[in-house]
Engineer: 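Below is the structure I would like to discuss, written out as structure tokens.
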Amino acid sequence: MGYDEIMKLFLERGFLMPSCEIYSDALAGFWDYGPHGNTIKNRYVDLWRRELVRRDGMIEIDGTQVMSKKVFVASGHLESFVDPIVKCEKCNATHRADRLIQEATGQLVPERLPVEQLDQMVVENGLRCPSCKGLLGKARRFNLMFRVGVGAADDDSYLRPETCQSIFVDYPRLFKVMRLRLPIGVAQFGKSFRNEIAPRQGVMRLREFYQAEIEVFFNPERANDLGKYEEVKDQKINLDLDGNMLQGVKCSEAFEQKHVPNKIVAYYLALLHQFYEKAGLDMKKSRFRRLGGQEKAFYAEAAFDFEVETSIGWVELVACNYRTGYDLAAHSKVSGQDMAVLDGDKKVVPHVFELSMGIDRSIYCITEHTYAAEPERTVIRFKPHLAPVTVGILPLVNKDGIPETAKGIYNALKTRYDAFYDESGSIGRRYRRLDEIGCPACITIDYQTLQDNTVTLRDRDSMKQIRINKDQVELTLEKILRTEDVFKQ
RNA sequence: GCGGUCGUCGUCCAGUCUGGUCUAGGACAUCAGCCCUCCAAGCUGACGACCUGGGUUCAAAUCCCAGCGACCGCACCA
């Protein structure tokens, strides 16, 4: 089940389309969601709300995408979300300045070294372009944030490169007015923007993309004081410790053996595992990979990437970062706001554990894990609660009052469910079309319906049919949406 | 950003090398009609494309240049 196959289906069936596609200057790294893709995305986010936000008693906000410059002075993005690059003046190849020098001289070159020093090191060591031996130009910093000129004065501001900064800057007011107590998760779903130099692989690396982020604020002295940890401590996860794979290790073991820093982290890794299981990922192909010092983001003390195996390799779906007090301390310093809050009778600056989820790539990976090209048909076995169409309503033939009866059933369902009415083509063709977009159930109206008010209900996964009474349809759909097996006889 | 390959109906392919009957052809899909009592049947018809912009030429889908995009490799990637 390859990447090309999935992307082709996405394009042909209205899941995704390239943004601005009819214009010749369309940009790489920007994609529009079509109707089915949009529905899946909405349903995926609903699942996230149910299984993470509500389950854990988090609160959710929706912040702006354009944010002021000082936010990113404080967060470090203006300074650190950059690549120091040098361009060859002869062949125009771009190289990472720090890596170039490091490779040539063997000495460690910090990424954040001023460009003047980088230039000096290039000159001192007589470095040339590794591709063509041409002369190198001056080093400069390429920032991956999109700059936005706001107002007539064209004031510098930026499109947020991660949604979580909204949470950090809103945090002091939220804590006061929402009567929060530690530990508390603050969640947000929305767009983020990164000016990738070379976006690739469709929806896997975008310049404009959806994130669902959760920032858990907690008192670092009470990181193991977490009652609800007991609920999930036996959850088994796959843990990759520097290439050493622990299959099916209990979260409690991971904590006791100090593979994860505290119970907070263990608890949320378990929750995340359970969430993706409900989203339909093949969890045998998943792992939490602990990141080493070089790989971690500049703010993270400990980091676990939740990754899944796909036809294009291991894909990172969620970055789980223990950000410590980095963000609140930084915002406190730059803004002058006191970010300390009361926990019991002590004032503390909370620490943050973050679950930063990529929505677009999650949807791709779920699709790949549930897609099957069978000899007779193509079918996506989306969990019913994620499927873009929940139920197809099909008249077996287009005469003798059968379409009218079918439309009656459709009209009764359409405001409550994503129902789809189709009378075009043979019944088999209509089943195939709905299989291909992952619709879990079809209701077919035939001559018997006219006599005894029963309809057939067809199962996407097995193609089996059962007969139920018209009055049972809604109840049965509810069961299907709860992933109960209504076809078992 | 660099290098390579490529860009024709929604999809796949023919045509490009060797410019002209290409007013761009076929298959699948879609739509309409006929037929029809459960898994892509059949028949009839319809819709539908040369990535964009320049250039060469009497004539460009075809040759040249540039741009944009896709894929692969490099580099990059919270």
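Since the model is a prediction, treat every value here as computed from it, not as a measurement. Throughout, a chain's letter reflects where its sequence line sits, starting with A, and its residues are numbered from 1.
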Engineer: Which residue, P161(A) or D4(A), contacts RNA chain B at a nucleotide closer to its 5' end, judged by nearest heavy atom?
Structural biologist: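 Closer to the 5' end of RNA chain B: D4(A).
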Engineer: Quick check on A40(B): is either OP1 or OP2 less than 4.0 Å from any side-chain nitrogen or oxygen of R429(A)?
Structural biologist: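 Negative; the distance criterion is not met.
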Engineer: Do Y268(A) and F275(A) have ring centres separated by under 6.0 Å?
Structural biologist: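 Judged by ring-centre distance (under 6.0 Å), Y268(A) and F275(A) do not meet the cut-off.
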Engineer: Less than 4.0 angstrom between a side-chain N/O of K8(A) and OP1 or OP2 of C12(B), yes or no?
Structural biologist: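 No, K8(A) has no side-chain N/O under 4.0 Å of OP1/OP2 on C12(B).
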Engineer: Give the nucleotide from the list A70(B), U37(B), U30(B) with an atom nearest to the side chain of A28(A).
Structural biologist: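 Minimum distance to the A28(A) side chain belongs to A70(B).
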Engineer: On the nucleotide C38(B), are OP1 or OP2 found under 4.0 Å from the side-chain N or O atoms that S426(A) carries?
Structural biologist: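 S426(A) to C38(B) OP1/OP2: no side-chain N or O under 4.0 Å.
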Engineer: Is the base of C39(B) touched by the side chain of R433(A) through a donor-acceptor pair closer than 3.5 angstrom?
Structural biologist: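 No, the side chain and the base share no sub-3.5 Å donor-acceptor pair.
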Engineer: By the 4.0 Å heavy-atom rule, please label D435(A) as base, sugar-phosphate, or nothing.
Structural biologist: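 Nothing, no nucleic acid heavy atom in range.
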Engineer: Heavy atoms under 4.0 Å, any strand shown: does R430(A) hit a base, just sugar-phosphate, or nothing?
Structural biologist: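 Counting heavy atoms under 4.0 Å across all strands, no contact is made by R430(A).
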Engineer: Regarding S356(A), tell me which of base, sugar-phosphate or nothing describes its non-hydrogen contacts under 4.0 Å with the strands shown.
Structural biologist: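 The residue S356(A) makes no contact with any strand.
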Engineer: Once you apply a heavy-atom cut-off of 4.0 Å, does Q448(A) come out as touching a base, just sugar-phosphate, or nothing?
Structural biologist: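 Here Q448(A) touches no strand at all.
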Engineer: Quick check for you: among C36(B), C77(B), U37(B), whose closest atom lies nearest to any side-chain atom of N398(A)?
Structural biologist: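 So the nucleotide nearest the side chain must be C36(B).
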Engineer: Could one point to a donor on the side chain of R458(A) or the base of C39(B) with an acceptor on the other under 3.5 Å away?
Structural biologist: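 Side chain to base: pair found, below 3.5 Å.
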Engineer: Once the angle between the rings of F217(A) and F168(A) is folded into 0 to 90°, is it parallel (under 30°), tilted (30 to 60°) or perpendicular (over 60°)?
Structural biologist: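 Because their plane-to-plane angle is over 60°, the rings of F217(A) and F168(A) count as perpendicular.
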Engineer: Pairing donors with acceptors under 3.5 angstrom, does anything connect the side chains of Y447(A) and Q451(A)?
Structural biologist: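 Distance-only check fails for Y447(A) and Q451(A).
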Engineer: With a 3.5 Å cut-off and heavy atoms only, can you find an N or O donor on one side and an acceptor on the other between the side chain of Q465(A) and the base of C38(B)?
Structural biologist: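 By the distance-only test, yes, there is a pair.
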Engineer: What nucleotide, of C77(B), C39(B), C38(B), holds the atom closest to the side chain of R205(A)?
Structural biologist: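 Selected nucleotide (nearest to the side chain): C77(B).
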Engineer: Is there a donor-acceptor pair closer than 3.5 Å between any side-chain N or O of E213(A) and the backbone N or O of C164(A)?
Structural biologist: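 The answer is yes, because a donor-acceptor pair under 3.5 Å joins these two groups.
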Engineer: With sugar-phosphate meaning primed atoms plus P, OP1 and OP2, does L394(A) contact a base, only sugar-phosphate, or nothing at under 4.0 Å between heavy atoms?
Structural biologist: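 Here L394(A) touches no strand at all.
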Engineer: Assign E12(A) to base, sugar-phosphate, or nothing according to its heavy-atom contacts below 4.0 angstrom with the strands shown.
Structural biologist: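 Sugar-phosphate, no base atom in range.
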Engineer: For G73(B), what is the paired nucleotide under Watson-Crick or G-U wobble rules, both distances under 3.5 Å?
Structural biologist: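 Its partner is C2(B).
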Engineer: Is it true that a side-chain atom of R460(A) and a backbone atom of F382(A) form a donor plus acceptor pair closer than 3.5 Å?
Structural biologist: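 Answer holds: yes.
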